[in-house]
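Keep in mind that what you see is a predicted model, and the values were worked out from it rather than measured.
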Amino acid sequence: TSGNTVTITGGTFASGTTITGGYASSSTAGTASSRHNAVSITGETVTGENIYVQGGYADTGNMNVTDNTVELDSANVSYSSVDGGYAMFSKNAEATVSNNAVTMKAGTVSVSINGGEGYLTGSDKATISSNTVTLEGGETSSIAGSYAQLNSTGNTVALTGNTVNLNGGHASWVFGAQAADTTTGSTSTITVTGNTVNLNQSLGSIGSVCGGEIEVNSGFSGTATIAGNTLNLNGGSCSSVYGGKSTGTGVTVRDNIIN
């Protein structure tokens, strides 16, 4: 699916509504492509709670989720989660989630905003790169340029070159990129490299800011590296900063920069 646009300027959405610019699903042998789709939610007459928004979505088989956008500028909407591009894996799948973007100017997000996201289920391969989140206003619990959740072992994940721009609003946690491996004894390979957070000017306080983070569970025996991520502290305020941050053992953290 490609070139679809969802534009919303008024109305009320039921709790739990999902709004997707482009949705693609394939068999395990096929390819699902969701590209160049857009969602725009603007205007003070739009209302709703616990809304899910995805610029582009793909599931099953091999996936390509690229160049999708989300723009949020409606102060009376409460979102649960927002993704520029989202890939839902089956086992032994492969996906690229790249060049997706989210811009938020108003509203509230209770869980997270992610430029690109992947949900992995085992022996999957994901490249989540060059995604961008720009916060101009509003409030969110968490922001990540890219996010990967690994729910089984044997995955290979690269989160590279993602960017978060903080120009206003409030966020409790900010990550250039974040990966969470929930599997005990995982053998996955995870790299979080070359991601950037730009803290420019915050209208409200920002909580913790981190260039890249990897969380692993007990018994992790794979390979995990956080390297070459950058924080640019150009203005505003935050409670704590990390060039790179790991939770759990067996993660290499090196060569991250705070300017």
Do [X] and [Y] have side-chain N/O donor and acceptor atoms under 3.5 Å apart?
{"X": "Ser152", "Y": "Asn155", "answer": "no"}
{"X": "Ser186", "Y": "Asp181", "answer": "yes"}
{"X": "Tyr119", "Y": "Asp59", "answer": "no"}
{"X": "Thr153", "Y": "Thr187", "answer": "yes"}
{"X": "Ser208", "Y": "Ser240", "answer": "yes"}

- Task: Over all heavy atoms of both residues, which pair between Val46 and Phe13 is shortest? Give the atoms and the distance, please.
- Result: CG1-CE1, 4.0 Å
If I take atom [atom1] from residue [X] and atom [atom2] from residue [Y], how far apart are they, to the nearest 0.5 angstrom?
{"X": "Thr45", "Y": "Asn76", "atom1": "OG1", "atom2": "CG", "answer": "8.5 Å"}
{"X": "Ile190", "Y": "Ser246", "atom1": "CD1", "atom2": "OG", "answer": "11.5 Å"}
{"X": "Tyr57", "Y": "Tyr23", "atom1": "OH", "atom2": "OH", "answer": "4.5 Å"}
{"X": "Thr96", "Y": "Asn62", "atom1": "OG1", "atom2": "CG", "answer": "9.5 Å"}

- Query: Should Ser81 and Ser112 be marked as a side-chain hydrogen bond (donor to acceptor under 3.5 Å, both in side chains) after you check the CA-CA gap, both sets of side-chain angles, and the distance that decides it?
  - Reply: CA-CA 5 Å; Ser81 63; Ser112 64; 5.3 Å; no
Check whether any side-chain heavy atom of [X] sits under 4.5 Å from a side-chain heavy atom of [Y], and report yes or no.
{"X": "Leu233", "Y": "Ile258", "answer": "yes"}
{"X": "Ile143", "Y": "Leu135", "answer": "yes"}
{"X": "Val197", "Y": "Thr230", "answer": "no"}
{"X": "Gln178", "Y": "Trp173", "answer": "no"}
{"X": "Ile41", "Y": "Asp73", "answer": "no"}

- Query: How far apart are the C-alpha atoms of Thr127 and Ser98, what are their side-chain angles, what is the distance that settles it, and do they pass the side chain to side chain contact (heavy atoms under 4.5 Å, CB included) test?
  - Reply: CA-CA 8 Å; Thr127 300; Ser98 65; over 6 Å; no
- Message: Applying side chain to side chain donor-acceptor pair (under 3.5 Å), can you list everything that pairs with Thr163, at least two apart in sequence or on another chain?
- Response: none
- Task: Please test Gln54 against Thr20 for side-chain hydrogen bond (donor to acceptor under 3.5 Å, both in side chains), starting from the C-alpha separation and ending with a verdict.
- Result: CA-CA 5 Å; Gln54 300 152 346; Thr20 304; 3.0 Å; yes
- Message: What verdict does the side-chain hydrogen bond (donor to acceptor under 3.5 Å, both in side chains) test give for Thr182 and Asn217, after you've listed the backbone C-alpha separation in whole Å, the side-chain angles of each residue and the deciding distance to 0.1 Å?
- Response: CA-CA 6 Å; Thr182 63; Asn217 213 330; 5.8 Å; no
- Message: For Lys245, is the NZ atom crowded, meaning more than 12 foreign heavy atoms sit under 6.0 Å from it?
- Response: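 Count over threshold, so yes.
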